[in-house]
Amino acid sequence: MNNQMPSAEIRRHGSAGEDILQVERLSKTFTLGRTVIPVLRDVSLKVRLGAILAIIGASGSGKTTLLHILGALEKPSGGSVCFQGRDLYGLSAGERAQVRSRKIGFVFQFYHLLPELDLLENVMLPALSGGNAQPAVSPRERALSLLAAVGLSARAQHLPMELSGGEQQRAALARALMNQPELVLADEPTGNLDSVTGEQVLEYLFALTRGEGRTLVLVTHNSAVARRCDRVLELKDGCLQDA
Ligand SMILES: Nc1ncnc2c1ncn2[C@@H]1O[C@H](COP(=O)(O)OP(=O)(O)O)[C@@H](O)[C@H]1O
Ligand SMILES: [Mg+2]
């Protein structure tokens, strides 16, 4: 049951269209000393190009672990992840790192901006490792236009600590989009923000992904947020199911 394509997917998108992600029978266990922690048991999933998918689930259900595996950050114990038709964990570590930095953008709950760099430098950072996806536009110009897109033009020279949580998360959003990633992974991006600020960050997130046809996988605790996505799946007992 759990390795079938969820029915909401079939209803919404039909059989045509391109899958950016194909996940087959994923499992993940962590071992701490003699304790084996089974986190993901059997996760299969297809994500259509341009779709916005929400993943919900109780704390500790494995949402972050799954997102890290989808984003080429953490090797699964079993199963496979195909991203744009390439088996992510069949690649060498170097090739995988290249896919990650060029094609995937991450937004984390606690922003993870580098404290000693100003906002412009933080946003430009992915261009150092990912290369310039838009050779006609310099990384600086692209970073400035992204900062403008999230309403932070006036704060480009400020350090993260000089900004509010919502502003830091908007900068982190700009950074995630720096290399024009096909896939954006967001792990409870509003989890640390009050509801009004969180709503504002989400508007930017939706506008900058849906508006540009990017695929978004969003982990959220908030059911109102999940309802705004094309699909909602729940991680429970190590498996994904329609919510
Ligand atoms: N690196 C790790 N080593 C050992 N256990 C881990 C590790 N990462 C996550 N876990 C365990 O896996 C389970 C799922 O964690 P996580 O993916 O962070 O859940 P969620 O994001 O849904 O709250 C938890 O029980 C957590 O303790
Ligand atoms: Mg988590």
Side-chain angles (χ1 to χ4, degrees), residues 2-6 9 13 17-31 36-55 62-109 112 114 122-135 139 142 172-173 175-187 189 208-209 212-219 231 233 235 238-240:
N2 283 303
N3 8 334
Q4 286 170 4
M5 191 159 69
E9 164 84 331
H13 298 285
E18 191 187 331
D19 292 323
I20 187 170
L21 272 176
Q22 291 175 301
V23 176
E24 299 270 352
R25 309 220 57 174
L26 214 58
S27 63
K28 180 71 181 180
T29 52
F30 291 107
T31 308
V36 176
I37 308 163
V39 178
L40 303 176
R41 287 197 299 136
D42 187 357
V43 170
S44 295
L45 168 72
K46 292 180 178 185
V47 182
R48 292 280 190 231
L49 191 64
I52 297 193
L53 167 68
I55 295 179
K63 304 180 297 298
T64 294
T65 303
L66 175 60
L67 220 58
H68 286 174
I69 295 173
L70 299 184
L73 283 172
E74 172 108 45
K75 226 181 172 95
S77 307
S80 62
V81 178
C82 272
F83 173 73
Q84 296 184 315
R86 297 169 87 190
D87 176 4
L88 272 186
Y89 295 95
L91 300 175
S92 69
E95 289 169 324
R96 193 160 52 247
Q98 214 168 59
V99 170
R100 185 167 63 232
S101 61
R102 291 189 179 163
K103 311 269 189 187
I104 302 176
F106 272 95
V107 186
F108 303 94
Q109 181 174 353
H112 292 333
L114 294 185
N122 264 288
V123 174
M124 281 173 60
L125 209 53
L128 298 179
S129 56
N132 191 351
Q134 247 185 337
R142 175 152 174 81
L173 193 53
R175 179 187 56 186
L177 294 167
M178 182 65 202
N179 287 343
Q180 314 244 54
E182 272 89 351
L183 176 65
V184 177
L185 301 173
D187 192 0
L208 288 168
T209 50
E212 297 191 32
R214 299 183 208 286
T215 308
L216 170 65
V217 179
L218 170 64
V219 167
R231 269 168 86 194
L233 296 175
L235 194 53
C239 299
L240 265 186

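One-based numbering along the sequence shown.
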Distance, nearest 0.5 Å, that separates [atom1] of [X] from [atom2] of [Y]:
X    : Y    : atom1 : atom2 : result
L177 : R142 : CG    : CZ    : 7.0 Å
R41  : L240 : CZ    : CG    : 12.0 Å
K103 : L88  : NZ    : CG    : 11.5 Å
L125 : S101 : CG    : OG    : 11.0 Å
L53  : R48  : CG    : CZ    : 12.5 Å
N122 : M178 : CG    : CE    : 12.0 Å

Verdict with supporting geometry, L40 and L235, side-chain contact (heavy atoms from CB on, under 4.5 Å): CA-CA 9 Å; L40 303 176; L235 194 53; 3.9 Å; yes
side-chain contact (heavy atoms from CB on, under 4.5 Å) between L45 and L26, intermediate numbers included: CA-CA 9 Å; L45 168 72; L26 214 58; over 6 Å; no
Donor-acceptor contact present, side-chain R175 to main-chain P126, <3.5 Å: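 No, the answer is negative, given that no donor and acceptor are paired below the 3.5 Å cut-off.
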Side-chain (T31) to main-chain (V36) donor-acceptor, under 3.5 angstrom: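 Checked: no pair found.
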Ring geometry between H112 and F108 (parallel below 30°, tilted from 30 to 60°, perpendicular above 60°):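 If you compare the ring of F108 with that of H112, the planes turn out tilted.
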Taking all heavy atoms of [X] and all of [Y], pick out the closest pair and write down the distance.
X    : Y    : result
A176 : P181 : O-CG, 3.2 Å
M124 : P139 : CG-O, 3.8 Å
L233 : R231 : CD1-NH2, 3.4 Å
R96  : L91  : NH1-O, 3.1 Å
G62  : V39  : CA-CG1, 3.5 Å

Residues in side chain to side chain contact (heavy atoms under 4.5 Å, CB included) contact with L49, at least two apart in sequence or another chain: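 With neighbours one apart ignored, the set is E18, I20, T215.
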Minimum side-chain heavy-atom gap I55-V217 below 4.5 Å: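 Of all side-chain heavy-atom pairs linking V217 with I55, at least one is under 4.5 Å.
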side-chain contact (heavy atoms from CB on, under 4.5 Å) evaluation trace for K63 with L67: CA-CA 6 Å; K63 304 180 297 298; L67 220 58; over 6 Å; no
Distance-only donor-acceptor pairs under 3.5 Å for side chains of residues 69-86, two or more places apart:
{"from": "E74", "atom 1": "OE2", "to": "K28", "atom 2": "NZ", "distance (Å)": "3.2"}
{"from": "S77", "atom 1": "OG", "to": "T29", "atom 2": "N", "distance (Å)": "2.9"}

